[in-house]
Trainee: 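Take this structure first; my questions come after.
Labels below follow one simple rule: chain letters A, B, ... track the order of the sequence lines, proteins then strands, and each chain is numbered from 1.
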Amino acid sequence: MTDPVSQIREALLAAAAALRGSGPDEAGAAGHAVVAPNLERPKRAGQGDYATNAAMLLAPKLGKPPREIAELLGAELARVLGETLVSYEIAGPGFLNLTLSDEWHKDAIRYVLDSGEQFASGGAEHPERINLEFVSANPTGPTVVANGRAAAYGDALAKILIHHGHSVSREYYFNDAGSQIDRLGESVIARARGQEVPEGGYQGDYIVDLANEIPGAGDSNAQASVIAAQAITILLQQVRATLERYRVFYDTFFSERTLHQGSPSALDRAIESVRAGGHVYEHDGATWLRTTTFGDDKDRVLLRSDGAPTYFLADLAYMADKQARGFERQLLPVGADHHGYVARLKAAFQALGNDPELLEPVIMQLVHLVEGGERAKMSKRRGEFVTLDELLDEIGVDATRYFMLQSSHDRTLDINLEVARKQSNENPVYYVQYAHARIASMLKRLGPERVAEAVASAADWSSPADALHPSERELVKKLASLPVEIAEAAERRAPHRMTSYALELAQEFTAFYRDCKVVGAEPESVESWRIAVCVATQQTLALVLELLGVSAPDSM
RNA sequence: GCCCUCGUAGCUCAGCUGGAUAGAGCAACGGACUUCUAAUCCGUAGGUCGCAGGUUCGAGUCCUGCCGGGGGCGCCA
């Protein structure tokens, strides 16, 4: 079953192909590039339902003026589409504006309703097994607001990719080995003894809580590594609880320490793998990976001169492990403060013998909290931060998730705490939810029997004499565009597009609500049609909100 | 210093990989509630898309150079 917009697109491609077949092919065999014309909503009213730039793209290939080609293309398209195409006009430099029939709009609603929860799903041309690792903050303190952005991004992206047809596993990698962990243990021990934390240790109040919580932390024979392990267990549980409250659920929590265990360990095997590729050498007593072969600034140490593995080696082994578990693609949202790391990661991935395209680090810009016009600093070690839990207490899960996903991940995000606290209604999420609740209220008033009957009576919707209202046509086209929007959001790793879509859909619905009476509309066939439009809209709003991890309430 | 990244309305941000007269929300101002939910709607105002060049039929979008914000440049994690 092809969605309504794709139907038009395919007709357009067919018409373009017919034109190419009849015209002189200037491009010749070598330049036989596929023309990929746009099919988009015109920005201004009165320019039809869809517009295409196909004629302008074909012009250089066919050696004729764009407007002349547009005329030919329009005629061909009219032949292909039949009654679906009511009219076309040539505009501007060679745009072709298309006006579609009411019947096409009704078919679109039927399609949406028939698709149900599967609407706009499965569009991926090449479904992949994807490992999506996100947040992966070290459990050396509470989850902070910046983690909340990564969590919202990763989770929404996972949902969108899955809806698009991919198989996605959400993964959280945590470091429970290495010197930072030792410092955590030392900090807890110091607090348990009523002392100041050592230089470079962790100073937050939560360290004191841990000191009280872990029995024997203040004993004279307490070992940093043992205490740290207990602290990490507790902290990881807290991280998990916060993220679950935030509606983020992982498939796997991956412990770095497991990479160090066994003989040979995963680290040993990783080194052997890149050594076999000829990318390893010894220098100054250390073991290096020649990452410069793959575009890195300088080579990187795998084993320090004292024999201790670097964090980088663990990452190398981790990438290999993901691969061994059968993931074709690794998606890796990382904070901007780690972006200096991506060149060596990609290099390491290649050193393992892989196509670098299959490792996708996504650089996320940071989140800043603004209070009193000043940016609040967030550092775990200094104990200055606002936790995600605190933010959730202030403005709630729905508003927080929506806010985090509103802006593109490659832009820094400022959260104004005064606004977040006092005027949470400013968040557009309520507008979207309100549209959903409003529909729920209307449908409730109508009763489930009437609604079911209206949806089932698709053949009788409206009557030929009743031209659809412009607001109805706009709303239907917004609904019909979801498959394209999902594809864009998935392929560009851009969940924030779905927040834009949600807002636009809610706006189109509200305009429809303003202009078109639903309950009690006459004749009954019109009421039925509009009920069906409402059901399709509600279903789609719920679907999009679900992808964003935001609730869709029936009343507000 | 070198590298990465961002710069669009007063504020927060979209802008569908080059298309028509750059759009929303909030804030501001003026209106609308015996109504299918006013957490709403209608209207007004608000822009040199950081600056300057370049590429072409056409640039917020691509290229170069500046300016400004953020980040990164350890045998740290």
Trainee: Write down the distance between CZ (A:Arg67) and P (B:A20), rounded to a whole number of angstrom.
Mentor: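 About 16 Å, once rounded to whole Å.
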Trainee: Of the nucleotides B:G19, B:C75, B:U37, which one has an atom closest to the side chain of A:Phe95?
Mentor: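 That would be B:G19.
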Trainee: Classify A:Ala437 by what it touches in the nucleic acid, base, sugar-phosphate, or nothing, heavy-atom distance under 4.0 Å.
Mentor: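 Result for A:Ala437 = base.
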Trainee: Using a cut-off of strictly less than 4.0 Å between a heavy atom of the residue and any atom of RNA chain B, enumerate the qualifying residues of residues 519-533 of chain A by number.
Mentor: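 Output list: A:Val519.
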Trainee: Check whether the side chains of A:Asp176 and A:Ser255 place a donor and an acceptor atom closer than 3.5 Å, and report yes or no.
Mentor: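 Per modelled atom types, A:Asp176 and A:Ser255 side chains form a pair under 3.5 Å.
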Trainee: Below 4.5 Å, heavy atoms only, C-beta onward: do A:Tyr153 and A:Val362 meet side chain to side chain?
Mentor: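 Sidechains of A:Val362 and A:Tyr153: in contact.
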Trainee: Taking only the C1' atom of each, what is the distance from B:G74 to B:G7 in whole angstrom?
Mentor: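 Roughly 32 Å separates the two C1' atoms.
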Trainee: If we count only N and O atoms by modelled type, under 3.5 Å, do the side chains of A:Asn38 and A:Thr52 hold a donor and an acceptor together?
Mentor: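 Their side chains do not contain a donor-acceptor pair, so the 3.5 Å distance test is not met.
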Trainee: Hey, is A:Glu522 close enough to A:Lys517 for a salt bridge, meaning N to O under 4.0 Å?
Mentor: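 Result for this pair is no, no salt bridge flagged.
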Trainee: Using the side-chain heavy atoms of A:Ala91, tell me which of these nucleotides is nearest: B:A14, B:G19, B:A20.
Mentor: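 In terms of side-chain proximity for A:Ala91, the closest of B:A14, B:G19, B:A20 is B:A20.
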Trainee: Would you check if there is a donor-acceptor pair between the side chains of A:Thr287 and A:Glu282 at a distance under 3.5 Å?
Mentor: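 Yes.
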Trainee: Indicate whether the side chain of A:Gln47 and that of A:Asn97 have a donor and an acceptor atom separated by less than 3.5 Å.
Mentor: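 Not at all, the side chains of A:Gln47 and A:Asn97 share no donor-acceptor pair under 3.5 Å.
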Trainee: Toward the 5' end of RNA chain B, which comes first, A:Arg41 or A:Arg445, by nearest nucleotide?
Mentor: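 Mapping each residue to its closest nucleotide by heavy atoms, the 5'-most match is A:Arg41.
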Trainee: Can you pull out every ring pair (Phe, Tyr, Trp, His ring centres under 6.0 Å) where at least one residue sits in residues 504-534 of chain A? Sequence neighbours excluded, please.
Mentor: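 Qualifying pairs, neighbours excluded: A:Trp461-A:Trp529, A:Phe509-A:Phe512.
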Trainee: So if I take residues 498-505 of chain A and measure heavy-atom distances to RNA chain B, which residues fall below 4.0 Å?
Mentor: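 A:Ser500, A:Leu503, in order of number.
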Trainee: For A:Arg401, which residues count as a salt bridge (charged side-chain N to carboxylate O under 4.0 Å, His left out) partner, sequence neighbours excluded?
Mentor: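 Once residues adjacent in sequence are excluded, the partners of A:Arg401 under the salt bridge (charged side-chain N to carboxylate O under 4.0 Å, His left out) criterion are A:Asp155.
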Trainee: Could you list the donor-acceptor pairs under 3.5 angstrom formed by side chains in residues 296-303 of chain A, with sequence neighbours left out?
Mentor:
residue: A:Asp296; atom: OD1; partner: A:Arg300; partner atom: NH2; Å: 3.2
residue: A:Asp296; atom: OD2; partner: A:Thr291; partner atom: OG1; Å: 3.0
residue: A:Asp296; atom: OD2; partner: A:Arg300; partner atom: NE; Å: 2.8
residue: A:Asp296; atom: OD2; partner: A:Arg300; partner atom: NH2; Å: 3.4
residue: A:Asp299; atom: OD1; partner: A:Thr291; partner atom: N; Å: 3.2
residue: A:Asp299; atom: OD1; partner: A:Thr292; partner atom: N; Å: 3.1
residue: A:Asp299; atom: OD1; partner: A:Thr292; partner atom: OG1; Å: 2.7
residue: A:Asp299; atom: OD2; partner: A:Tyr281; partner atom: OH; Å: 2.7
residue: A:Arg300; atom: NE; partner: A:Lys298; partner atom: O; Å: 3.3

Trainee: OP1 or OP2 of B:A38 sitting under 4.0 Å from any side-chain N/O of A:Tyr513?
Mentor: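 So the side chain of A:Tyr513 is within the cut-off, an N or O lying under 4.0 Å from OP1 or OP2 of B:A38.
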Trainee: Just to be sure I understand: a Watson-Crick pair is purine N1 to pyrimidine N3 plus N6-O4 or O6-N4, both under 3.5 Å. Using that and G-U wobbles, which stems of three or more pairs involve RNA chain B?
Mentor: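 Only these stems qualify: B:1-7 with B:67-73, B:10-13 with B:23-26, B:28-32 with B:40-44, B:50-54 with B:62-66.
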Trainee: For A:Leu405 and B:A14, what is the distance between atoms CG and C1' respectively, to the nearest whole Å?
Mentor: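 Distance check: A:Leu405 CG to B:A14 C1' gives 14 Å.
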Trainee: Using a strict cut-off of less than 4.0 Å between a Lys/Arg side-chain nitrogen and an Asp/Glu carboxylate oxygen, indicate whether A:Arg450 and A:Glu453 qualify as a salt bridge.
Mentor: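 Salt bridge flag = yes for A:Glu453 with A:Arg450.
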Trainee: Applying a 4.0 Å non-hydrogen cut-off, can you work out what A:Leu446 is touching in the nucleic acid: base, sugar-phosphate, or nothing?
Mentor: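 If one applies the 4.0 Å heavy-atom cut-off, A:Leu446 turns out to touch nothing in the nucleic acid.
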Trainee: Any donor-acceptor pair, under 3.5 Å, between the side chain of A:Ser305 and the base of B:C75, if you only look at N and O atoms?
Mentor: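 Donor-acceptor pair under 3.5 Å: yes.
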Trainee: Using the salt bridge (charged side-chain N to carboxylate O under 4.0 Å, His left out) criterion, which residues pair with A:Arg493? Sequence neighbours excluded.
Mentor: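 A:Glu360.
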Trainee: Determine the contact category for A:Arg411: base if any of its heavy atoms lies under 4.0 Å from a base atom, sugar-phosphate if only primed atoms, P, OP1 or OP2 are that close, otherwise nothing.
Mentor: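 Here A:Arg411 touches the bases of the nucleic acid.
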Trainee: Under a 3.5 Å cutoff, is there a donor and acceptor pairing between the side chains of A:Glu71 and A:Tyr88?
Mentor: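 A pair is found: one side chain offers a donor N or O, the other an acceptor, under 3.5 Å apart.
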Trainee: Suppose the criterion is side-chain hydrogen bond (donor to acceptor under 3.5 Å, both in side chains): which pairs have a residue in residues 530-543 of chain A, not counting sequence neighbours?
Mentor: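 Matches after skipping sequence neighbours: A:Glu472-A:Arg530.
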Trainee: Counting side-chain heavy atoms from C-beta on, which of B:C41, B:C13, B:A20 comes nearest to A:Tyr431?
Mentor: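 Side chain of A:Tyr431 sits closest to B:C41.
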Trainee: Out of B:C16, B:A38, B:A24, which nucleotide sits closest to the side chain of A:Glu40?
Mentor: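 Nucleotide nearest to A:Glu40's side chain: B:C16.
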Trainee: Sticking with atom C1', work out how far B:U17 lies from B:G10, rounded to a whole angstrom.
Mentor: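 Pairwise C1' distance, B:U17 against B:G10, rounds to 31 Å.
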Trainee: Would you kindly give the CG-to-P distance between A:Leu57 and B:U17, to the nearest whole Å?
Mentor: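 Atom CG in A:Leu57 sits about 12 Å away from atom P in B:U17.
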Trainee: Quick check on RNA chain B: between A:Ile439 and A:His283, whose nearest nucleotide comes earlier from the 5' end?
Mentor: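 First, find each residue's nearest nucleotide; the 5'-ward one identifies A:Ile439.
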Trainee: Going by ring pair (Phe, Tyr, Trp, His ring centres under 6.0 Å), name the pairs with one or both residues in residues 39-66 of chain A, residues two or more places apart or in two chains.
Mentor: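 Listed by first then second residue: A:Tyr50-A:Trp104.
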Trainee: Do the side-chain N and O atoms of A:Ser6 and A:Asp3 include a donor-acceptor pair separated by under 3.5 angstrom?
Mentor: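 Yes, A:Asp3 and A:Ser6 have a side-chain donor paired with an acceptor closer than 3.5 Å.
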Trainee: Looking across every strand, which nucleic acid part, if any, lies under 4.0 Å from A:Asn97 by heavy atom: base, sugar-phosphate, or nothing?
Mentor: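 Base contact.
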Trainee: When rounded to the nearest Å, what value does the distance between P atoms of B:U64 and B:C6 take?
Mentor: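 Result for the P pair: 13 Å, nearest Å.
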Trainee: Taking the same atom, P, in B:C49 and in B:C41, what whole-Å distance lies between them?
Mentor: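 Roughly 30 Å separates the two P atoms.
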Trainee: Determine: side-chain N/O of A:Arg497 to OP1/OP2 of B:G15, distance under 4.0 Å, yes or no.
Mentor: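 Yes, such a contact exists.
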Trainee: Under 4.0 Å, heavy atoms only, any strand: does A:Ser441 hit a base, just the sugar-phosphate, or nothing?
Mentor: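 Answer is base: heavy atoms of A:Ser441 come under 4.0 Å of a base.
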Trainee: If you take atom types as modelled and just measure distance, does the side chain of A:Asn427 reach the base of B:A39 with a donor-acceptor pair under 3.5 Å?
Mentor: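 Side chain to base: no pair below 3.5 Å.
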Trainee: Polar atom pairs between nucleotides 55-64 of chain B and protein, under 3.5 Å, N or O only, would you list them?
Mentor:
none

Trainee: Heavy atoms under 4.0 Å, any strand shown: does A:Gln47 hit a base, just sugar-phosphate, or nothing?
Mentor: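 The residue A:Gln47 makes base contact.
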Trainee: Please classify the nucleic acid contact of A:Asp410 as base, sugar-phosphate, or nothing, using heavy-atom distances under 4.0 Å.
Mentor: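 Sugar-phosphate, no base atom in range.
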Trainee: Name the nucleic acid region contacted by A:Asp554, choosing base, sugar-phosphate or nothing; use a 4.0 angstrom heavy-atom cut-off, strictly under.
Mentor: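 A:Asp554: base contact, heavy atoms under 4.0 Å.
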Trainee: Choose from B:C42, B:C16, B:G70 the nucleotide whose nearest atom is closest to any side-chain atom of A:Arg514.
Mentor: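 Nearest listed nucleotide: B:C42.
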Trainee: If you only use heavy atoms from C-beta on, which nucleotide in B:A39, B:C42, B:U40 is closest to the side chain of A:Tyr430?
Mentor: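 Of all the options, the side chain of A:Tyr430 is nearest to B:A39.
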Trainee: When the P atoms of B:A52 and B:U44 are compared, how many Å lie between them, rounded to an integer?
Mentor: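 31 Å, rounded to whole Å.
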Trainee: Please check if any side-chain donor atom of A:Glu474 sits under 3.5 Å from a side-chain acceptor atom of A:Ser471, or the reverse.
Mentor: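 There is no such pair (donor and acceptor under 3.5 Å, judged by atom type) between the side chains of A:Glu474 and A:Ser471.
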Trainee: With A:His339, which residues qualify under ring pair (Phe, Tyr, Trp, His ring centres under 6.0 Å), at least two apart?
Mentor: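 For A:His339 there are no ring pair (Phe, Tyr, Trp, His ring centres under 6.0 Å) partners, ignoring immediate neighbours.
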Trainee: Distances for protein N/O vs nucleotides 72-74 of chain B N/O pairs under 3.5 angstrom?
Mentor:
residue: B:G74; atom: O5'; partner: A:Lys298; partner atom: NZ; Å: 3.2

